[in-house]
Amino acid sequence: MEYNHREIEQRWQQYWRDNETYRATEKPGKKKFYVLDMFPYPSGAGLHVGHPLGYIASDIYSRFKRQQGFNVLHPMGYDAYGLPAEQYAIQTGQHPEKTTMANIARYREQLDKIGFSFDWSREIRTCDPEYYKWTQWAFIRMFNSYYDRKEQKARPISELVAHFAEKGTEGVDAACSKELHFTAAEWNAMSEKEKADTLMNYRIAYQGETMVNWCEALGTVLANDEVSEGVSVRGGHPVEQKVMNQWCLRVSAYAPRLLDDLNTIEWSDSLKETQRNWIGRSEGAEMRFPVVGKDFDLEIFTTRADTSFGVTFMVLAPESKYVQQLVTPEQKEAVDAYLAEVSHKTERERQIEKKVSGVFTGSYAVNPISGKEIPIWVSDYVLAGYGTGAIMAVPAHDSRDYAFAKHFNLPIIPLIEGADVSEESFDAKEGKMINSANEKLNLNGLEVKEAIAKTKRFIEEEGIGRVKVNYRLRDAIFSRQRYWGEPFPVYYKDGIAHVMDESDLPLMLPEVDAYLPTSTGEPPLGRAKNWVTKEGYPIELCTMPGFAGSSAYYLRYMDPRNNDALVSKEADEYWRNVDLYVGGSEHATGHLIYSRFWNKFLYDLGLVVEPEPFRKLVNQGMIQGRSSFVYRVKDTNTFVSKGLKNQYDVTPIRVDINMVSNDVLDIDKFRSWRPEFADAEFILEDGKYVCGYAVEKMSKSMFNVVNPDDIVDRYGADTLRLYEMFLGPIEQSKPWDTNGIDGANRFLKKLWGHFGKLDLSKREPMTKGELKTMHKLIKKVTQDIENFSFNTSVAAFMVALNELTAQKSTNVEAMEIFTRLIAPFAPHLAEEFWHQLGKEGSVVDSEWPVYDEANLKEDTVKYPVSFNGKTRFMLDVPAEADKAAVEAAALSAPDAEKWLSGKTPKKVIVVPGKIVNIVI
RNA sequence: GCAGGAAUGGUGGAAUGGUAGACACGAAGGACUUAAAAUCCUUUGGCCUUUACCGGCUGUGUGGGUUCGAGUCCCACUUCCUGUACCA
């Protein structure tokens with residue numbers, strides 16, 4: 001009988017639906033295992049074969065764990081808010097919800113065909129009010145909390161208010177935008193508005209004037225991880241820096257914990273490293289430089305306190321508030337001109353130019369260590385957002401300061417013995433200090449490391465500054481001037497922001513007449529009618545960013561229909577956190593930081609039990625497209641085959657990969673593809689037109705998209721699953737090659753054929769050979785799945801089937817084991833076999849086979865025998881032979897004589913079970 | 001620049017420090033077929049030797065090292081990928 005994948009797959013998919021096979025429930029006392037995929041944004045283009053890669057891997061793992069006896073939670077949903085649907089809405093006037101729902105339906109249809117074991121009863125969508133109620137709820141909780149740095153946790157803002165009323169800021173160590181100092185009396189004397197403004201400085205969700213990435217084309221601000229190389233990640237529009245009043249999340253307060261807790265989770269080293277870089281911890285010192293003739297100091301941050309004697313000038317960021325206070329009348333014009341110039345430049349222009357620019361303020365500061373007066377400059381190479389927005393410049397040992405000093409002809413003092421600073425700075429933190437001494441401090445002769453430590457001690461003792469740890473991680477900007485997102489549960493009363501009562505949630509996204517800003521430049525929600533509270537107070541017009549809804553979704557899956565809590569205590573205590581999280585590495589600095597932050601916040605409030613959301617994480621690689629090219633001879637309509645193209649002047653043209661098979665072009669299809677190719681001529685090689693190829697991103701414009709539906713229709717879901725896993729290691733990016741899929745399909749057909757030959761009524765014990773084949777397979781597959789080495793386990797199935805065929809095996813027992821082992825990979829076929837074997841229930845509930853080493857033992861061991869490290873022949877030795885016996889056998893083997901050629905061996909090394917090496 | 005990773009046949013890729021190239025694709029030859037598709041069998045890193053069997057040499061980006069033995073470990077270099085970038 002033919003292997004009819006369509007009939008088999010449809011039948012079992014229906015069976016799974018009818019029996020709710022994949023529905024998960026809490027089973028106290030049974031070990032849980034939570035496997036999660038990063039939920040997709042349902043784009044209009046649908047899925048291509050690259051998308052399911054990670055889903056297939058996690059599905060195999062889920063099924064494997066389930067067969068091993070775990071209670072597995074494996075849910076799926078949609079990250080439904082996002083810019084593309086809104087951009088489409090702006091162009092067409094169609095409500096983004098409508099587009100999104102249509103895309104979700106299409107995704108679901110595609111996903112269902114692949115036979116995943118998702119528990120769809122737990123499906124969530126971030127744009128569903130029942131879901132975003134909890135996104136808004138978390139925001140309210142963050143608004144009502146502050147971060148206590150002493151206890152390293154979030155606490156209710158009411159406690160801080162009580163403290164202020166009693167003791168002012170004394171004894172407060174809270175994360176804040178600006179260090180404030182006031183007494184209880186001062187606090188109590190503040191107006192409502194002043195108190196509200198003061199508390200904003202401490203809230204975890206706060207509103208503040210911050211430098212933001214403004215994208216004019218998208219009409220919204222963007223978070224740091226949504227901007228790359230000065231353009232928006234979505235759409236590639238230019239982004240500029242602008243000061244705006246925005247909602248922010250105080251993610252920076254959690255920087256130390258986000259860094260430390262990386263050590264407690266099983267993520268790849270490269271991903272942890274990416275997070276460490278993004279968090280960017282650096283140890284250094286904050287130092288105050290008194291300004292000549294003024295009553296204030298400039299604060300700077302440095303990691304190179306040892307270079308204090310080489311400071312020849314200071315530099316402020318253009319946005320620094322000190323610039324206006326320091327500029328002298330003579331320099332005013334020049335400084336203002338420079339500031340105007342800088343503010344006009346976008347981030348991208350600043351990066352591309354990388355030109356040294358700056359201006360002198362006219363003021364001087366005193367180096368607190370050397371006592372020397374140094375000029376204060378302004379330049380855009382200093383960033384306002386990092387450290388204090390001001391630096392001490394040491395041109396001899398910092399390349400940026402060096403370029404600046406050279407350009408403006410400022411002095412350069414070398415501080416390290418042997419450093420040649422005539423051409424470039426010496427940035428390395430090594431060597432012996434020179435030129436670094438006065439009556440108070442002597443660093444000369446010290447190693448850099450010692451000098452840093454000594455200077456830090458000196459700074460603290462002298463009260464010049466303090467030792468400080470700085471983080472690069474900034475607070476997340478949480479406002480988007482957009483329509484398609486969660487509305488903020490915030491209203492304004494007397495100019496003061498208030499959060500709504502939790503019982504009023506969800507605050508539903510209102511209807512608008514267009515998805516564009518209003519004529520007065522307000523966000524689209526400014527168009528909503530009656531966008532006010534019951535009492536008539538205006539509601540916030542911005543919406544939340546994409547990462548709002550995706551930060552805690554893994555918690556919601558645990559208890560998705562609960563209307564009283566994000567997740568019930570029972571469900572959270574049972575499922576705890578994600579045991580295995582699978583997704584792309586593009587989320588390394590965005591989603592994975594925000595999610596960890598969000599989880600830690602809820603953890604601080606005692607609402608979840610685990611401090612980290614994702615225990616183990618696997619990044620799947622991308623599947624790239626393989627584009628095909630034809631070569632048109634210049635100024636003709638003649639195309640030359642790849643092997644001959646070097647003889648002509650040619651232009652490569654991408655062609656649809658559906659017209660190409662094994663790199664050979666279907667000429668008729670090509671001629672009818674486009675009118676201009678209708679009368680194309682071809683120069684062939686061996687009667688064929690051979691195309692060139694390139695590995696590129698899979699995209700419509702490159703004509704290289706492969707649709708999983710087509711593959712499923714032609715070969716079946718099981719073939720697709722097997723082949724995607726067979727392509728290579730899951731973490732690696734690799735090109736899709738439809739040609740190779742025949743291998744996976746042939747294997748399944750052979751397996752089907754083999755199974756069809758069995759007499760299912762005849763149960764016999766396995767032969768020794770069968771036992772060995774099967775136990776070898778169990779061992780390999782079990783270990784490979786645990787190690788995420790799915791490509792080698794697929795290969796192992798192929799080998800095992802070949803061995804069974806070679807042994808002319810018709811053993812039913814062996815095939816039953818095979819069925820259980822292959823069930824995670826090819827669930828439809830396995831289910832079919834399982835029922836043909838007369839088993840009850842679904843194969844997903846069958847027990848995972850266990851191997852017995854005893855069956856893997858050989859009577860004899862094959863030893864490679866080497867001479868001087870080079871293997872020369874193979875030797876069969878009884879398994880129980882000891883070292884001496886193996887050595888004797890090797891030396892007396894007929895082959896040995898030839899290689900010894902009469903000589904006596906100097907040494908014979910026997911590694912039991914491995915090798916015999918004879919040194920002559 | 002910095003950080004992380006990679007480099008193995010025509011291709012995708014296998015190899016706890018122990019027979020390099022599993023498995024698959026492709027290719028070549030053959031069987032079946034009127035023919036094609038499908039299926040099955042054989043060969044398939046390179047070079048040399050041989051009528052054939054049998055053999056031999058060489059080979060995992062480059063150069064060194066450790067080791068009885070290195071694709072694997074160490075050092076240096078080259079190239080490529082991925083992330084990040086005026087972070088003081």
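Order of the sequence lines sets the chain letters (A, B, ...), proteins ahead of strands, with each chain counted from 1.
- For the P atoms, the distance linking B:U42 with B:A24 amounts to 12 Å, nearest Å.
- In this structure a side-chain-to-backbone donor-acceptor pair under 3.5 Å is missing from A:His397 to A:Thr307.
- If you check every strand for non-hydrogen atoms under 4.0 Å, A:Met874 touches a base.
- Listed nucleotides: B:G12, B:G26, B:U19. Nearest to the side chain of A:Asp742: B:G26.
- Taking 4.5 Å as the limit, some side-chain heavy atom of A:Ile657 sits within range of a side-chain heavy atom of A:Val706.
- The nucleotide whose nearest atom lies closest to any side-chain atom of A:Lys734 is, among B:G13, B:G26, B:G4, B:G13.
- In this structure, B:G1 forms a base pair with B:U84, meeting either the Watson-Crick or the G-U wobble geometry with both donor-acceptor distances under 3.5 Å.
- Considering only the side chain of A:Arg872, B:C57 comes nearest among B:C68, B:A88, B:C57.
- Spacing between B:A35 and B:G30 at atom P, rounded to whole Å, works out to 14 Å.
- Between A:Gln624 atom CD and B:U11 atom C1' the separation is 14 Å, expressed in whole Å.
- Remark: A:Tyr381 is not in phosphate contact with B:A88, judged by side-chain N or O atoms under 4.0 Å from OP1 or OP2.
- Across all strands shown, B:C57 forms a Watson-Crick or G-U wobble pair, both distances under 3.5 Å, with B:G46.
- When Watson-Crick and G-U wobble pairs are counted only if both distances are under 3.5 Å, B:A52 pairs with no nucleotide at all.
- Atom-to-atom, CG of A:Asp663 to P of B:U11 comes out at 12 Å; the value is rounded to the nearest Å.
- Side-chain atoms of A:Gln807 and A:Thr773 form a donor-acceptor pair, as typed in the model, at a separation below 3.5 Å.
- Checking B:A38, B:A88, B:A85 against every side-chain atom of A:Lys749, the shortest atom distance belongs to B:A38.
- Of the candidates B:G18, B:C68, B:A24, B:G18 carries the atom nearest the A:Val911 side chain, counting heavy atoms from C-beta on.
- For the pair A:Ile741 CD1 and B:C23 C1', the computed distance is 16 Å after rounding to whole Å.
- For B:C77 and B:A7, the C1' atoms lie 14 Å apart once the distance is rounded to whole Å.
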> What's the verdict on side-chain hydrogen bond (donor to acceptor under 3.5 Å, both in side chains) for A:Tyr3 and A:Thr719, showing C-alpha distance, side-chain angles and the deciding distance?
Replying inline: CA-CA 12 Å; A:Tyr3 168 48; A:Thr719 299; 4.7 Å; no
>> Assess the residue pair A:Ile413 and A:Phe309 against the criterion (side-chain contact (heavy atoms from CB on, under 4.5 Å)); give the C-alpha distance rounded to whole Å, side-chain angles, the decisive distance to 0.1 Å, and a yes or no.
In response: CA-CA 8 Å; A:Ile413 307 171; A:Phe309 287 94; over 6 Å; no
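- Remark: A:Arg746 is not in phosphate contact with B:A24, judged by side-chain N or O atoms under 4.0 Å from OP1 or OP2.
- B:U33: no Watson-Crick or G-U partner with both key distances under 3.5 Å is found in any strand.
- Base orientation of B:G9: syn, the glycosidic angle falling within 90° of 0.
- Look at B:A22: it lacks any Watson-Crick or wobble partner with both distances under 3.5 angstrom.
- Taking the ring centre of A:Tyr693 as origin, the terminal cationic atom of A:Arg626 falls inside the region bounded by 6.0 Å and 45° from the ring axis.
- Residue contacts for A:Lys750: at a heavy-atom cut-off of 4.0 Å it reaches the sugar-phosphate backbone alone, with no base atom in range.
- Positionally, the nearest nucleotide of RNA chain B for A:Thr792 lies more toward the 5' end than for the other of A:Thr792 and A:Trp278.
- Contact annotation for A:Trp899: backbone-only contact, meaning every heavy-atom pair under 4.0 Å involves sugar-phosphate atoms and none involves a base.
- Remark: B:U78 base-pairs with B:A7. Criterion, Watson-Crick or G-U wobble with two distances under 3.5 Å.
- Put simply, CG on A:Asp269 is 18 Å from P on B:G83, counting in whole angstrom units.
- Regarding A:Glu731, its CD atom lies at a distance of 15 Å from the C1' atom of B:G13, rounded to whole Å.
- Listed candidates were B:G4, B:G12, B:A88. Nearest to the side chain of A:Leu383 is B:A88.
- Under 3.5 Å, the side chains of A:Asn745 and A:Tyr723 contain no donor-acceptor pair of N or O atoms.
- At the phosphate of B:A14, OP1 or OP2 sits under 4.0 Å from a side-chain N or O atom of A:Asn791.
- Among the atoms of the strands shown, base atoms are found under 4.0 Å from some heavy atom of A:Ile909.
- Across the C1' atoms, B:G4 and B:U11 are found 27 Å apart, a figure rounded to whole Å.
- Judged by the 6.0 Å and 45° rule, A:Arg596 forms a cation-pi pair with A:Trp267.
- The C1' atoms of B:G83 and B:G46 are separated by 38 Å, rounded to the nearest whole Å.
- In the set B:G56, B:C68, B:U58, the nucleotide with an atom closest to the side chain of A:Lys870 is B:U58.
- Nearest nucleotide to the A:Gln732 side chain, out of B:G13, B:C25, B:G12: B:G13.
- Comparing atom distances between the A:Lys898 side chain and each of B:C25, B:C23, B:G55 picks out B:G55 as nearest.
- To the nearest whole angstrom, the two C1' atoms, one in B:C80 and one in B:G29, are 38 Å apart.
- For A:Asp475 (side chain) and A:Ser252 (main-chain N/O), a donor-acceptor pair under 3.5 Å exists by modelled atom type.
- Atom name P, nucleotides B:G59 and B:U50: the rounded distance is 23 Å, in whole Å.
- Picking from B:G18, B:G4, B:A14 the nucleotide with the shortest atom distance to the side chain of A:Ile915 gives B:G18.
- Ranked by how close their nearest RNA chain B nucleotide is to the 5' end, A:Arg474 and A:Pro729 are led by A:Pro729.
- Regarding A:Lys907, its NZ atom lies at a distance of 11 Å from the C1' atom of B:G69, rounded to whole Å.
- Rounded to a whole angstrom, the distance from the P atom of B:A88 to that of B:A20 is 50 Å.
- The interatomic distance linking A:Arg626 (CZ) with B:G26 (P) rounds to 12 Å, in whole Å.
- Atom pair A:Glu273:CD and B:U82:P shows a separation of 19 Å (rounding to whole Å applied).
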